[in-house]
Every structure is written in C-alpha cells, then in structure tokens.
Amino acid sequence: MASAPDCTPLPHMISPMTEVEGRSALSPEVGTTRVEAFSDSVMAVIITIMAFELRPPQGAGLDAMRDQLPGVLVYMLSFVFVGIYWNNHHHLLRAADRISGAAMWANLFLLFWLSLIPVLTEWVRDEYRHALPAASYGAVALAAGVAYTILVRALIQANGRESRLARAIGSDIKGYLSLVLYAAAVGLAFVSPWISYGIFVAVALMWFVPDRRFTRR
C-alpha cells in the first residue's frame with residue numbers, strides 16, 4: 001500500500017510574501033520613501049497656507065506698505081522655519097535605511113506641531129507687540145524641536161547605534177542648544193517680545209546652512 005505523499009513545502013516553494021511578512025514582524029520596515037513623500041506634501045501645504053494668509057497693502061503708498069511689513073517679516077521667519085525642517089528632515093530620512101512604527105508616529109508628532117505654524121504666524125502678524133503670541137510661537141517651536149529630537153532617537157533605534165545615521169547625528173549639540181534657546185524665548189517674551197523674535201532669528205540663522213553632519217556622510 002502506497003504511503004500518502006509528503007505535503008511539506010520545499011524551501012524553494014515558500015511564498016516570497018510569507019518571507020517578507022516574517023521579516024517585517026521581526027525587524028523595522030526597509031526604506032523611508034513613503035514617509036518622506038508624505039512629510040514633503042504636508043510641509044508644502046503648510047507653506048501654501050501661510051502664503052494664502054498674506055495680505056496686500058491697503059493702498060498704494062509707502063505708509064500702506066509699512067503697515068504690512070510686520071506681517072511679511074513674520075511670514076519670512078515662518079517660511080524659513082518650515083524650510084529648515086524640510087531640509088534637515090530630508091537629509092535625516094535619506095541617511096536612514098529603516099523606519100519603525102515608533103519613528104512613523106514620531107514623524108506625525110513633528111508634523112502636527114509644524115501644522116500649527118500658519119495659525120501662530122497669523123496671530124503674531126496681528127498682535128506682534130504682545131507677549132502671549134510671541135511666547136506661543138516659541139512654545140510651538142520648542143515642541144517641534146522636541147518632536148524632531150524624538151524622531152531622531154526613534155530612527156537611531158530602528159537603524160542601530162552603529163549605523164551611519166547614528167554616526168552622523170553624534171552628540172547633536174546644536175539640536176539641544178536650539179531647544180534651550182526656544183525655551184528661553186518663551187519666558188523672555190513676557191519681558192519683551194522683541195527678545196523672543198531675536199532668538200527665533202538667531203536659531204534660524206544657526207540652522208540656515210544645511211546640516212553638514214549628513215552632507216559629509
């Protein structure tokens with residue numbers, strides 16, 4: 001009597017999808033392209049909203065232009081602020097080989113705080129002489145900086161302590177210094193909003209040049 005055929009699949013017959021699912025359950029997802037593309041779209045929308053909130057001068061004279069100057073300057077500051085995050089976010093994700101669920105949530109956390117920039121830009125534009133709008137702008141900038149730091153640490157954990165991303169980040173002194181300056185700007189806004197605006201500009205200038213830690217790597 002013939003024995004029943006052995007139905008155990010041979011190694012070469014195992015579905016490639018099964019192998020991928022098994023690896024994804026044990027290790028972070030390979031590639032950061034989708035996260036980068038989504039983040040680029042969100043940041044583009046944020047800048048577009050800020051541009052739509054710009055107001056033309058209410059007249060054709062120099063006085064009308066002078067009245068709109070604070071709004072233009074705040075828009076420029078916010079544009080540079082978001083642009084710096086977009087630039088460094090691009091280099092950060094390009095240096096990473098893997099992305100984890102924690103990193104994806106950290107990325108969304110960062111985008112949430114950046115999405116509040118258009119609202120704060122409009123508020124500061126209309127009430128730039130007052131302390132609370134300046135302090136609130138600093139608080140959102142501080143929260144975005146903390147979120148970016150969390151994203152960096154989540155990506156390092158996903159890619160490993162010896163990865164090129166971890167080596168490029170190093171001690172991240174400039175990142176922590178930015179957090180300290182933003183925190184100071186929140187408190188000093190109640191002394192003078194202009195001190196906070198000066199700090200915002202100083203941090204923007206500090207980050208205006210693309211992060212050479214990534215470009216060198």
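Only heavy atoms go into these numbers, but all of them, side chains included; no hydrogens, no water, no symmetry mates.
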Would Val201 and Met206 show up in the same hydrophobic cluster when neighbours are defined by side-chain heavy atoms closer than 4.5 Å?
yes
Relative to each other, are the rings of Trp194 and Tyr128 parallel, tilted or perpendicular (30° and 60° limits)?
perpendicular
Relative to the ring of Phe109, is the ring of Trp113 parallel (under 30°), tilted (30 to 60°) or perpendicular (over 60°)?
perpendicular
Examine distances only and state if a side-chain atom of Arg98 and a backbone atom of Leu155 form a donor-acceptor pair shorter than 3.5 Å.
no
Please report the shortest heavy-atom distance between Ala95 and Leu165, naming the atom on each side.
O-CB, 3.9 Å
Is it the case that one hydrophobic cluster holds both Val45 and Phe81, taking links as side-chain heavy atoms less than 4.5 Å apart, direct or via other members?
no
Does Met43 share a hydrophobic cluster with Phe52, counting links as ILVMFWY side-chain heavy atoms below 4.5 Å and allowing steps through other members?
no
Of all heavy-atom pairs linking Ala135 and Ala189, the shortest is N-CB, 3.6 Å
Can a side-chain donor-acceptor contact be found between Asn107 and His89 if the only test is distance below 3.5 angstrom?
yes
Decide yes or no for Tyr197 and Leu73: does some side-chain heavy atom of the first lie under 4.5 Å from some side-chain heavy atom of the second?
no
Thr149 and Tyr176: side chain donor to acceptor below 3.5 Å:
no
Check: Leu108 and Phe112 side chains under 4.5 Å, non-hydrogen atoms:
no
Which of parallel (below 30°), tilted (30 to 60°) and perpendicular (above 60°) describes Tyr148 and Tyr85?
perpendicular
Heavy-atom pair with the smallest gap, counting every atom of Ile49 and Pro118
CG2-CB, 3.7 Å
Under 3.5 Å side-chain donor-acceptor pair for Ser178 and Trp207:
yes
Spatial distance of atom CD (Glu122) from atom OH (Tyr75) [nearest 0.5 Å]:
14.0 Å
Identify the heavy atoms of Ile150 and Ala106 that sit nearest to each other, and give their distance.
CG2-CB, 3.9 Å
On a heavy-atom basis, the closest approach of Leu111 and Ser39 is CD1-OG, 3.9 Å
Using the side chain to side chain donor-acceptor pair (under 3.5 Å) rule, take Thr121 and Tyr137 through it: C-alpha gap first, then chi angles, then the decisive distance, then the call.
CA-CA 8 Å; Thr121 300; Tyr137 193 99; 4.7 Å; no
Val82 versus Ile46, closest heavy-atom pair with distance
CG2-CG2, 4.1 Å
In the single-linkage hydrophobic clustering (I, L, V, M, F, W, Y; side-chain heavy atoms under 4.5 Å), do Val186 and Val146 co-cluster?
no
Please round to the nearest 0.5 Å and tell me the distance separating atom CG of Leu77 and atom CZ of Phe200.
7.5 Å
Verify, without hydrogens or angle tests, whether Ser192 (side chain) and Leu188 (backbone) share a donor-acceptor contact under 3.5 angstrom.
no
Before you tell me yes or no, could you show the steps for Glu53 and Arg125 under salt bridge (Lys or Arg N to Asp or Glu O under 4.0 Å), namely the whole-Å CA-CA distance, both residues' side-chain angles and the distance that decides it to 0.1 Å?
CA-CA 10 Å; Glu53 290 176 350; Arg125 178 195 66 195; 5.2 Å; no
Taking Ile199 as the starting point, is it possible to reach Val180 by hopping between hydrophobic residues whose side chains are less than 4.5 Å apart?
no
Keeping Asn159 on the side-chain end and Asp97 on the backbone end, is there a donor-acceptor pair under 3.5 Å?
yes
Quick check against the 3.5 Å criterion: does Asn88 have a side-chain atom that pairs as donor or acceptor with the backbone of Ile84?
yes
